[in-house]
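Some notes on the structure that comes next.
From a predicted model like this one, the values you see are computed outputs, not experimental measurements.
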Amino acid sequence: MGKKGKKEKGRGAEKTAAKMEKKMSKRSRKEEEDLEALIAHFQALDARKTRIVETPCSPPSPRLNASLSAHPEKEELILFGGEYFNGQKTSLYNELYTYSIRKDAWTKVEIPNPPPRRCAHQAVVVPQGGGQLWIFGGEFASPDGEQFYHYRDLWVLHLATKTWEQVRSPGGPSGRSGHRMVAWKRQLILFGGFHESTRDYIYYNDLYAFNLDTFTWSRLSPSGTGPTPRSGCLMTVTAQGSIIIYGGYSKQRVRKDVDRGTQHSDMFLFKAQKSGGGRWAWTRVKPSGAKPTPRSGFSVAVAPNHQTLLFGGVCDDEEEEGLEGHFLSDLHFYDPVRSRWLAGQLKQGPGRLCPCCWHQPERRGTVAALPGMTSLGLHQQGPKVKRRRRRGKKGEPGGASKEELKGAGAQEPLQVVRELVAEDGTMVTIQQGLAALGPLGQPESDDSDDGPNEAGVPAVEPSPRSSAMLAVKHGRLYLYGGMFEAGDRQVTLSDLYCLDLHKMEEWTVLVEMDPESQEWLEETDSEEDSDEVKGAEGGGESDEDEDSGEEAREQRPSAAPGEPFADSLPRTEQ
């Protein structure tokens with residue numbers, strides 16, 4: 001009897017677990033159906049557009065996890081999608097903007113039947129047919145930022161005719177965001193990403209190829225040991241035709257309701273085998289040089305000479321109660337020919353003064369460049385701040401006031417240690433004391449008469465941020481938007497910077513933004529349905545709709561351009 005009782009008790013537990021699983025699965029399907037209905041509603045609104053309308057406009061509203069691409073034939077940049085969070089509501093966009101480099105002017109381009117609103121997608125430009133912009137995947141979020149829908153659709157924007165086309169082909173990747181995609185010969189190669197529901201999440205390390213001639217998907221099965229599942233990584237094509245994968249973000253469950261994130265810093269080479277037959281192979285790469293610190297939410301672009309540029313991101317120390325980390329604004333270049341990282345440093349006058357310290361005599365440390373070595377800036381990161389977990393666990397209600405925002409990030413003097421690597425492999429350690437940082441991570445100014453012109457250094461540079469958009473056109477790097485956090489407040493940016501990568505002399509500000517002027521609403525537990533629809537619409541009929549944005553999330557896989565931010569912790573994975 002005893003054994004029978006135990007057996008029946010065990011079966012009872014199994015039945016309970018099965019019922020719970022069925023209930024959660026049903027809830028997940030219901031939530032996905034609700035989001036599909038909301039997406040369909042917005043598509044119905046977009047269907048009202050029957051002709052192409054190009055309207056000169058002011059710069060786009062603040063956003064992150066959008067895509068910024070260089071037109072292959074014109075002196076233009078193309079901005080699509082993205083997200084915004086104003087403290088209460090999440091907005092997703094499917095707006096299309098072009099930026100004329102010569103005219104320094106923005107144009108909003110409304111085209112019939114565009115892709116649904118999304119963020120953390122991937123966009124790749126190819127030159128065929130006067131230029132094509134290919135977009136795959138991404139995600140849509142409910143207005144409260146609690147539910148997510150991951151796309152698996154493929155779209156192409158024909159730049160010559162300004163027409164959108166959805167390309168339907170079976171056998172493609174599953175729905176995801178925070179993935180990466182590059183053009184390789186006459187194919188699009190897609191890697192990784194993540195998918196999240198209210199029940200669970202999954203990170204991917206699968207590979208797919210889309211043939212631009214036959215419009216067909218195929219899954220690749222390379223030999224060798226490749227990267228572990230992740231999102232928001234660096235993916236780039238070398239001049240030799242290989243593909244590099246670096247870094248990224250992933251998380252895994254360590255126990256019930258507790259996840260542990262990983263900021264990857266490993267590198268892999270993905271290469272077609274000489275024997276042909278469509279076979280590929282993975283190889284682990286151990287680059288030398290001034291390697292970037294582990295981070296997520298960094299942005300990537302291809303620099304001149306086939307070098308790959310990495311900008312900013314956030315370096316997190318993850319705790320069960322939240323995240324604590326630095327937002328960054330440093331530049332790094334990866335040279336695939338020498339398999340070497342180089343730290344990007346603006347050219348400066350004698351002594352190579354750090355550009356953010358010209359107005360603080362007590363912080364004027366200098367670094368003598370070693371032969372063959374690029375000098376590394378010492379102050380290219382913001383103060384260490386407590387960050388909110390985004391998905392899953394919410395922070396306390398309430399946003400930061402203007403006074404709190406001004407004081408956010410203030411900290412005591414600290415010591416900064418940097419290790420530099422010379423060409424011969426010699427490690428040089430430099431230690432320097434830093435004065436306290438002022439509002440929003442910027443150095444506090446004093447009454448010194450010295451200025452940028454007198455010191456011979458740049459007067460401006462982008463603030464530390466993650467999930468920004470990058471594009472390179474004719475050797476010039478363009479940086480748009482992104483986000484950083486100050487206390488409980490998420491600041492989403494809409495500034496635009498330019499840097500000549502050939503000269504590496506100074507950043508030029510093309511669009512300015514005062515972060516303190518951005519609207520921030522306190523969280524509330526009561527939300528009306530009408531407000532939710534309006535908040536999620538983003539980029540809709542009124543300017544007010546564009547001022548709402550997506551709720552900060554817990555960091556997960558940048559990414560990129562989420563992990564979300566690919567991804568459920570800070571949206572750095574995408």
Side-chain angles (χ1 to χ4, degrees), residues 68-70 72 77 122-127 180-185 189 191 232-248 264-271 283-295 297-313 328-348 369-377 380 420-423 425 461-462 468-480 497-508 558 560-561:
L68 185 67
S69 309
L77 304 179
Q122 279 290 279
V124 172
V125 170
V126 296
R180 293 297 177 259
M181 187 171 72
V182 295
W184 181 84
K185 296 183 178 180
I189 307 295
F191 170 79
C233 62
L234 176 156
M235 185 178 188
T236 187
V237 179
T238 70
Q240 294 73 34
S242 300
I243 295 176
I244 292 290
I245 300 289
Y246 166 77
H264 300 280
S265 59
D266 47 3
M267 179 177 285
F268 295 84
L269 183 71
F270 181 57
K271 186 176 182 179
T283 304
R284 181 72 179 265
V285 178
K286 295 184 178 180
S288 60
K291 304 174 185 178
T293 55
R295 65 190 67 193
F298 54 78
S299 305
V300 175
V302 178
N305 301 322
H306 294 283
Q307 292 187 345
T308 299
L309 183 151
L310 183 153
F311 171 84
L328 307 167
S329 62
D330 50 350
L331 284 171
H332 292 267
F333 294 85
Y334 176 70
D335 182 353
V337 175
R338 295 186 294 168
S339 187
R340 182 175 184 79
W341 282 105
L342 303 172
Q345 175 67 51
L346 302 186
K347 293 180 181 178
Q348 302 160 35
L370 300 177
M373 182 185 71
T374 303
S375 178
L376 178 65
Q380 294 173 311
L420 307 181
V421 183
E423 289 287 344
E461 62 179 7
M469 285 62 74
L470 293 186
V472 173
K473 183 70 176 180
H474 295 321
R476 293 180 179 271
L477 171 67
Y478 294 87
L479 166 68
Y480 178 81
Y497 288 82
C498 177
L499 174 65
D500 189 325
L501 296 174
H502 294 295
K503 297 180 180 180
M504 289 294 289
E505 291 179 348
E506 63 179 351
W507 286 96
T508 301
S558 264

Problem - V337/Q240 under side-chain contact (heavy atoms from CB on, under 4.5 Å): CA gap, chis, key distance, verdict - result: CA-CA 9 Å; V337 175; Q240 294 73 34; 4.0 Å; yes
Exercise for the section: Determine, stepwise, if the pair V472 / V302 fulfils side-chain contact (heavy atoms from CB on, under 4.5 Å). Expected result: CA-CA 7 Å; V472 173; V302 178; over 6 Å; no
Exercise for the section: List the steps and the verdict of side-chain contact (heavy atoms from CB on, under 4.5 Å) for L310 and W341. Expected result: CA-CA 10 Å; L310 183 153; W341 282 105; 4.2 Å; yes
Practice task
Take I243 and I189, measure what side-chain contact (heavy atoms from CB on, under 4.5 Å) needs, and give me the verdict at the end.
Solution key: CA-CA 9 Å; I243 295 176; I189 307 295; 4.0 Å; yes
Practice task
Take S265 and Y246 through the test side-chain hydrogen bond (donor to acceptor under 3.5 Å, both in side chains) and record every step on the way to the result.
Solution key: CA-CA 6 Å; S265 59; Y246 166 77; 5.4 Å; no
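With rounding to the nearest 0.5 Å, the separation of CZ in R284 from CG in L269 is 12.5 Å. With values rounded to the nearest 0.5 angstrom, L331 atom CG is found 12.0 Å from L342 atom CG. Between Q345 atom CD and D330 atom CG the span is 10.5 Å, to the nearest 0.5 Å. Residue D335 holds its CG atom at 8.5 Å from CG of N305, rounded to the nearest 0.5 Å. Interatomic distance, R295 CZ to H264 NE2, rounded to the nearest 0.5 Å: 15.5 Å. Taking OG1 from T236 and CZ from R180, the interatomic distance works out to 12.0 Å, rounded to the nearest 0.5 Å.
At least one side-chain heavy atom of Y334 sits less than 4.5 Å from a side-chain heavy atom of M267. Residues L477 and L470 are in side-chain contact: their nearest non-hydrogen atoms beyond the backbone lie under 4.5 Å apart. Looking only at side-chain heavy atoms (C-beta outward), V124 and W184 stay at 4.5 Å or farther from each other. Counting heavy atoms from C-beta on, the side chains of H502 and P304 come closer than 4.5 Å. Inter-residue side-chain proximity for M235 and M181 is flagged as unmet; no heavy-atom pair is nearer than 4.5 Å. Using a 4.5 Å heavy-atom threshold, the side chains of T238 and H306 count as separate. Inter-residue side-chain proximity for E461 and L499 is flagged as unmet; no heavy-atom pair is nearer than 4.5 Å. Within the 4.5 Å cutoff, no side-chain heavy atoms of L501 are placed close to those of Q307.
In plain terms, the two heavy atoms of A70 and A471 that are nearest each other are N-CB, 4.3 Å. Contact record, L68 with Y480: CD2-CB, 4.2 Å, taken as the closest heavy-atom pair. Nearest heavy-atom pair across V125 and S69 is CG2-CB, 3.6 Å. Across every non-hydrogen atom of G232 and F298, the tightest pair is O-CZ, 3.6 Å. Looking at every heavy atom in both residues, S299 comes nearest to M469 through OG-N, 4.4 Å.
No more than 12 heavy atoms of other residues, nucleotides or ligands sit less than 6.0 Å from atom NZ of K271.
Among K473, E506, R476, the single residue meeting the side-chain contact (heavy atoms from CB on, under 4.5 Å) criterion with C498 is R476.
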